[in-house]
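Proteins come first, then strands; the chains are lettered A, B, ... in the order of their sequence lines, and each starts at number 1. Just so it is clear, the values below take in all heavy atoms, side chains as well, and ignore hydrogens, waters and symmetry mates.
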Protein chains: 2
Amino acid sequence: MSKQELGVLEVTGEVIGRDAACCPGLATAPLDDERAAELARVFKALGDPVRLRLLSMIASREGGEVCVCEMTPAFDLSQPTISHHLKLLRQAGLIDCERRGTWVYYWALPGVLDRLAAFLTTTRTAEATQA
Amino acid sequence: MSKQELGVLEVTGEVIGRDAACCPGLATAPLDDERAAELARVFKALGDPVRLRLLSMIASREGGEVCVCEMTPAFDLSQPTISHHLKLLRQAGLIDCERRGTWVYYWALPGVLDRLAAFLTTTRTAEATQA
DNA sequence: GCCTTGTATCGAAAGACGTCAACATAGAGG
DNA sequence: CCTCTATGTTGACGTCTTTCGATACAAGGC
């Protein structure tokens with residue numbers, strides 16, 4: 001279950017600093033079709049309040065891991081719905097999970113989030129630099 | 001036309017540095033319902049390849065302004081569709097526009113983008129700091 | 001005034017998405 | 001093996017999205 005169909009932004013797991021301008025950035029160039037599609041997939045995953053709350057719930061956890069059994073009751077939604085949202089977050093490469101006994105634990109993957117942040121900040125940074 | 005129904009994240013226009021932790025950040029705390037909804041609206045606006053390309057096209061423009069007549073032919077979509085996407089970006093507070101004569105010009109509003117970036121980076125920053 | 005051009009809005013159609021109840025699966029513990 | 005609890009998956013339903021053609025509006029030129 002650990003190895004998911006990330007498929008998005010090929011998550012490496014390594015943390016990429018805001019300086020390492022690995023990727024163009026929003027305001028540096030007009031963004032080609034392919035990269036736009038990649039990024040859109042991740043942003044779309046973040047474009048739902050439930051998923052945002054789930055992700056922040058996971059990312060803000062001290063130990064780094066959260067059991068599904070803790071998340072489900074925090075929402076006014078059915079368990080399958082939560083499961084579905086978690087799956088989408090996984091497919092976006094934002095989180096991963098592991099089953100330990102009866103329970104399943106989720107944790108955040110910093111890779112994609114960092115790239116997204118870089119994409120947005122590189123944006124302004126590049127603009128300010130070049131201007 | 002300049003004053004749009006932003007409604008999202010109350011765009012101030014002022015640039016917020018990555019340090020100015022005005023807002024919680026993804027990994028600092030479990031994100032309340034209201035803020036999640038606000039943020040989700042913006043991320044949803046970014047969750048479409050066409051809108052991402054439009055936004056980057058506008059944000060990366062030297063002069064800062066782009067005429068609709070330049071954007072429409074860059075896509076394989078009808079003019080009403082482009083117009084619709086531009087409207088969504090405007091409603092998300094990411095861009096604004098003005099009509100000058102026959103043409104309408106769009107420009108990027110840094111405010112929301114900076115907040116989003118802060119939200120994502122504050123995330124990792126806070127995590128690294130607190131850990 | 002009346003065209004012409006650029007852009008927005010409307011209404012409709014196809015598809016994607018969020019949600020649930022029902023069911024399937026994975027382990028734990030008898 | 002059987003049962004119980006915790007999760008994931010399936011299928012269905014209603015709603016939101018994306019897209020288009022048709023139309024309306026705005027401004028300039030005649």
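- Scanning all heavy atoms of the two residues, the minimum distance from A/L120 to B/A117 falls at CB-CB, 3.8 Å.
- Separating the NE2 atom of A/H84 from the P atom of C/dA21 is a distance of 16 Å, rounded to the nearest angstrom.
- Here C/dG18 presents its P atom at 11 Å from CG of A/L89, a figure rounded to the nearest Å.
- Checked against D/dG21, D/dT18, C/dT7, the side chain of B/D48 finds its nearest nucleotide in D/dT18.
- Whole-Å rounding puts the B/R41 CZ to C/dG18 C1' distance at 17 Å.
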Residues A/Y106, A/E65; criterion side-chain contact (heavy atoms from CB on, under 4.5 Å); working and verdict: CA-CA 5 Å; A/Y106 281 80; A/E65 292 183 345; over 6 Å; no
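- Protein atom CZ of A/R51 is 9 Å distant from nucleotide atom C1' of C/dG18, rounded to whole Å.
- The side chain of A/P80 sits closest to C/dA22 out of D/dT19, C/dA8, C/dA22.
- Of the residues near DNA chain C, A/G101 and A/L88, the one whose nearest nucleotide (by heavy atom distance) lies more toward the 5' end is A/L88.
- For the residue pair B/V104 and B/C97, the shortest heavy atom distance occurs at CG1-CB, 3.9 Å.
- Among the nucleotides D/dG8, C/dC20, C/dT7, the one closest to the side chain of B/V68 is C/dT7.
- Within 4.0 Å of B/L77, counting heavy atoms only, lie sugar-phosphate atoms of the nucleic acid but no base atom.
- The cationic group of B/R53 lies under 6.0 Å from the six-membered ring centre of B/F75 and within 45° of the ring axis, placing it in a cation-pi geometry.
- Using a 4.0 Å cut-off, no side-chain N or O of A/K44 falls inside it from OP1 or OP2 of D/dT17.
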CA sep, side-chain torsions, deciding dist, call: B/L39, B/L31, side-chain contact (heavy atoms from CB on, under 4.5 Å): CA-CA 10 Å; B/L39 288 162; B/L31 205 56; 4.1 Å; yes
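- The side chain of A/R99 lies closest to C/dA26 when the candidates are C/dA26, C/dT9, C/dT19.
- Of the candidates C/dT7, C/dT19, D/dG21, C/dT19 carries the atom nearest the A/T81 side chain, counting heavy atoms from C-beta on.
- Atom CZ in B/R100 sits about 12 Å away from atom P in C/dT7, given to the nearest Å.
- For C/dA8, the base has a donor-acceptor partner in the side chain of B/Q79 [N/O atoms by modelled type, under 3.5 angstrom].
- Using a 4.0 Å cut-off, no side-chain N or O of B/Y105 falls inside it from OP1 or OP2 of C/dG6.
- Between the P atom of C/dA8 and the CG atom of B/L86 lies a distance of 7 Å, rounded to the nearest Å.
- Between B/W103 atom CH2 and C/dT5 atom C1' there is a gap of 9 Å when expressed in whole angstrom units.
- Closest to the A/T102 side chain, of the nucleotides D/dA22, D/dT7, C/dA28, is C/dA28.
- Atom NE2 of B/H85 and atom C1' of D/dC20 are 12 Å apart (whole Å).
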